[in-house]
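Heads up, the thing below is written out as structure tokens.
Heavy-atom basis, side chains included; hydrogens, waters and symmetry copies ignored.
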Amino acid sequence: MFPSTFILQSHLSQSSSANFQSQLELKRSGVKMTFYDDIYPFYPLQRTSFIFNGSLLTIILVFLVLAVGLLLILPGIRGKSRLFWMFRIIISLFIGVVIVALNFTNDWAEARVTANATYKSFSNAVVNAEIGLHVGLYGINVTLKGNPVVQFNETIDYNEMFSWHDSIEEEYEEALEKGLPNPILYILEKFTLRSPCGLIFQYRYSGRYASATLWTAFCCWLLANILFSIPVILYAGYMMWATAAFIFFSMASFSTIMNAPQCVFSIQNDSFETEYSHSFWLALATGVLCTVIGILVVMLNFMIPEKIKEAFSGGVDSYEDEDTSYGEGYLNFVYLDGVTVSPLTSKGKSEHL
């Protein structure tokens, strides 16, 4: 009993030591320590699992409001230009929201394994669960979901986030204080400074450089939209190429984590390693889309410069203006003494004085 209490006391902070001492006094007085809904008395209650990234939700809502506002002006655009502007708005906002959202997603790289693992410290209880590691540019996300979810009368559904901005050592100590399950503590320990794997250095700096290049790509996207609106079509196409280039640079920066010595995560007899996931492939698809748009814009600018400039300029079809009938016209001859005026036609053709 006493060796375990001393080991536990080394991991707990002053905030939880008082609770532990009260339980120790109960044991010395002969009162038996039991489980309360299978939660250990010296652990705080289980945290509510993380559901959705608040920053990511804010970004999506902002771009949705912007999209609705821009689409509301479509009824004011006449002719076939309305369809062109609709696709232009949707594609442009899609590229913008992807570039910004990729900074805050937690699935650039992932690893999953289903295994039998010791649930918590100082217990022989073994649970069957799916353990997941999700790597983002600003931190990691560790998940633990029981199979089934309810085991030992407890809901096993954890989703814990750990950021590079904070000290990973402090977050590890807080995780020990909260009594998080062993698989989560094991994975988090791999990212501490004292871990021989050294994952924290490679992942932290790769994520920072990847995020910096993504924000540069976002600036290039803004400049491209401004140039499309002026319109300066050729340079807008070049800026789309620059946007794609910086997206590819961010992917290359993040890919350096794969060049580092791989640290194998072992849970009992099962092991797993991280692989590229959804955000990485979404960045690749967005970069390719920007490249294709840049190529098409530059090619059309050299082939049909007047028509492509007209398509991006006003949203009013010129051929509709040419076919407009003005009817009869009347002139005030008081101001036209000595001036020969040609008669007006129904189509409003030559009206030169």
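- Under the side chain to side chain contact (heavy atoms under 4.5 Å, CB included) criterion, S211 pairs with N103, L137, Y138, W215, sequence neighbours left out.
- Test I230, I226, L227, V297 against Y235 for side-chain contact (heavy atoms from CB on, under 4.5 Å) and you get one pass: L227.
- Residues meeting the salt bridge (Lys or Arg N to Asp or Glu O under 4.0 Å) test with R112, sequence neighbours left out: E130.
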Please lay out, stage by stage, how N106 and V135 fare under the test side-chain contact (heavy atoms from CB on, under 4.5 Å). CA-CA 5 Å; N106 293 307; V135 181; over 6 Å; no
Go through the steps for Y238 and L223 under the test side-chain contact (heavy atoms from CB on, under 4.5 Å), then give the verdict. CA-CA 10 Å; Y238 291 158; L223 288 175; over 6 Å; no
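- For the residue pair E154 and Y119, a side-chain donor N or O sits within less than 3.5 Å of a side-chain acceptor on the partner.
- A single hydrophobic cluster is not seen to contain both V68 and L70; linkage of ILVMFWY side chains at heavy-atom distances under 4.5 Å, directly or through other members, places them apart.
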List the atom pairs, with distances to 0.1 Å, where a side-chain N or O of residues 239-250 and a protein N or O form a donor-acceptor pair under 3.5 Å, not counting sequence neighbours.
from, atom 1, to, atom 2, distance (Å)
T243, OG1, W221, N, 3.3
T243, OG1, M239, O, 2.9
S250, OG, I247, O, 2.5

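- Here the straight-line distance linking atom OH of Y172 with atom CD1 of I184 works out to 12.5 Å at 0.5 Å rounding.
- Of all heavy-atom pairs spanning L144 and I131, the tightest one is CD1-CG1, 3.6 Å.
- Residue pairs satisfying the salt bridge (Lys or Arg N to Asp or Glu O under 4.0 Å) criterion with at least one member in residues 205-227, sequence neighbours excluded, are absent.
- Few gaps surround CE on M86; more than 12 heavy atoms of other groups in view lie less than 6.0 Å from it.
- Rounded to the nearest 0.5 angstrom, T143 OG1 and M161 CE are separated by 12.0 Å.
- Residues I187 and K190 are not in side-chain contact: their nearest non-hydrogen atoms beyond the backbone lie 4.5 Å or more apart.
- How far SG of C220 is from CD1 of I95: 12.5 Å, rounded to the nearest 0.5 Å.
- L180 and L185 get closest at one heavy-atom pair: O-CD1, 3.4 Å.
- Linking ILVMFWY residues whenever their side-chain heavy atoms come closer than 4.5 Å, directly or via other members, leaves V65 and L71 in distinct clusters.
- Pairs passing the salt bridge (Lys or Arg N to Asp or Glu O under 4.0 Å) check and including a residue from residues 221-234, sequence neighbours excluded, do not occur.
- Applying the ring-ring contact (aromatic ring centres under 6.0 Å, His included) criterion to F272, with sequence neighbours excluded, gives F265.
- Shortest non-hydrogen contact noted between Q151 and P148 is NE2-O, 2.8 Å.
- In the hydrophobic cluster analysis, where Ile, Leu, Val, Met, Phe, Trp and Tyr join through side-chain heavy atoms closer than 4.5 angstrom, L284 is grouped together with L289.
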Does the side-chain hydrogen bond (donor to acceptor under 3.5 Å, both in side chains) test come out yes or no for Y205 and T256, once each step is laid out? CA-CA 10 Å; Y205 291 111; T256 58; over 6 Å; no
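- Side chain to side chain, S271 and S266 fail the donor-acceptor criterion of an N or O pair below 3.5 Å.
- Aromatic pair F191/F162: ring centres not closer than 6.0 Å.
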I'd like to know whether N124 forms a side-chain contact (heavy atoms from CB on, under 4.5 Å) with T118, so could you lay out the CA-CA distance, the side-chain angles of the two residues, the decisive distance to 0.1 Å, and finally the verdict. CA-CA 7 Å; N124 294 326; T118 304; over 6 Å; no
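- Put simply, CD1 on I140 and CD on E171 are 8.5 Å apart, with the number rounded to the nearest 0.5 Å.
- With a 4.5 Å cut-off on side-chain heavy atoms, I156 and V150 do not count as touching.
- In this structure, the side chains of L93 and I89 come closer than 4.5 Å at one or more pairs of heavy atoms.
- Residues V142 and L188 fail the side-chain proximity criterion, which asks for heavy atoms closer than 4.5 Å.
- Residues forming a side chain to side chain contact (heavy atoms under 4.5 Å, CB included) with A117 (at least two apart in sequence, or on another chain): P183, I267.
- Partners of Y209 according to the ring-ring contact (aromatic ring centres under 6.0 Å, His included) rule, which considers only residues two or more places apart in sequence or in another chain, do not exist here.
- Judged as a ring-ring contact (aromatic ring centres under 6.0 Å, His included), and not counting sequence neighbours, F63 has no contacts.
- Follow the hydrophobic side-chain contacts under 4.5 Å out from I60 and you never reach V62; the two are in separate clusters.
- Across I99 and A217, no two heavy atoms sit closer than the pair CD1-O, 4.2 Å.
- Partners of S253 according to the side-chain hydrogen bond (donor to acceptor under 3.5 Å, both in side chains) rule, which considers only residues two or more places apart in sequence or in another chain, do not exist here.
- Side chains of V127 and N116 form no contact here, defined as non-hydrogen atoms less than 4.5 Å apart.
- Residues F302 and V232 share a hydrophobic cluster, clusters being chains of Ile/Leu/Val/Met/Phe/Trp/Tyr side chains in contact below 4.5 Å.
- Counting heavy atoms from C-beta on, the side chains of V97 and I59 come closer than 4.5 Å.
- Separating the CG atom in L83 from the CZ atom in R88 is a distance of 13.5 Å, to the nearest 0.5 Å.
- When every heavy atom of P305 is checked against every heavy atom of N301, the shortest pair comes out as CB-O, 3.1 Å.
- Applying the side chain to side chain contact (heavy atoms under 4.5 Å, CB included) criterion to L300, with sequence neighbours excluded, gives I304, I308.
- Partners of S279 under the side chain to side chain contact (heavy atoms under 4.5 Å, CB included) rule, at least two apart in sequence or in another chain, are L102, T105, D107, W108.
- Counting heavy-atom neighbours within 6.0 Å of K145 NZ, excluding the residue itself, gives a total of 12 or less.
- The structure places CD of E110 at 14.0 Å from OH of Y276, a figure rounded to the nearest 0.5 Å.
- The two residues T192 and I168 make their nearest non-hydrogen contact at CA-CG2, 3.9 Å.
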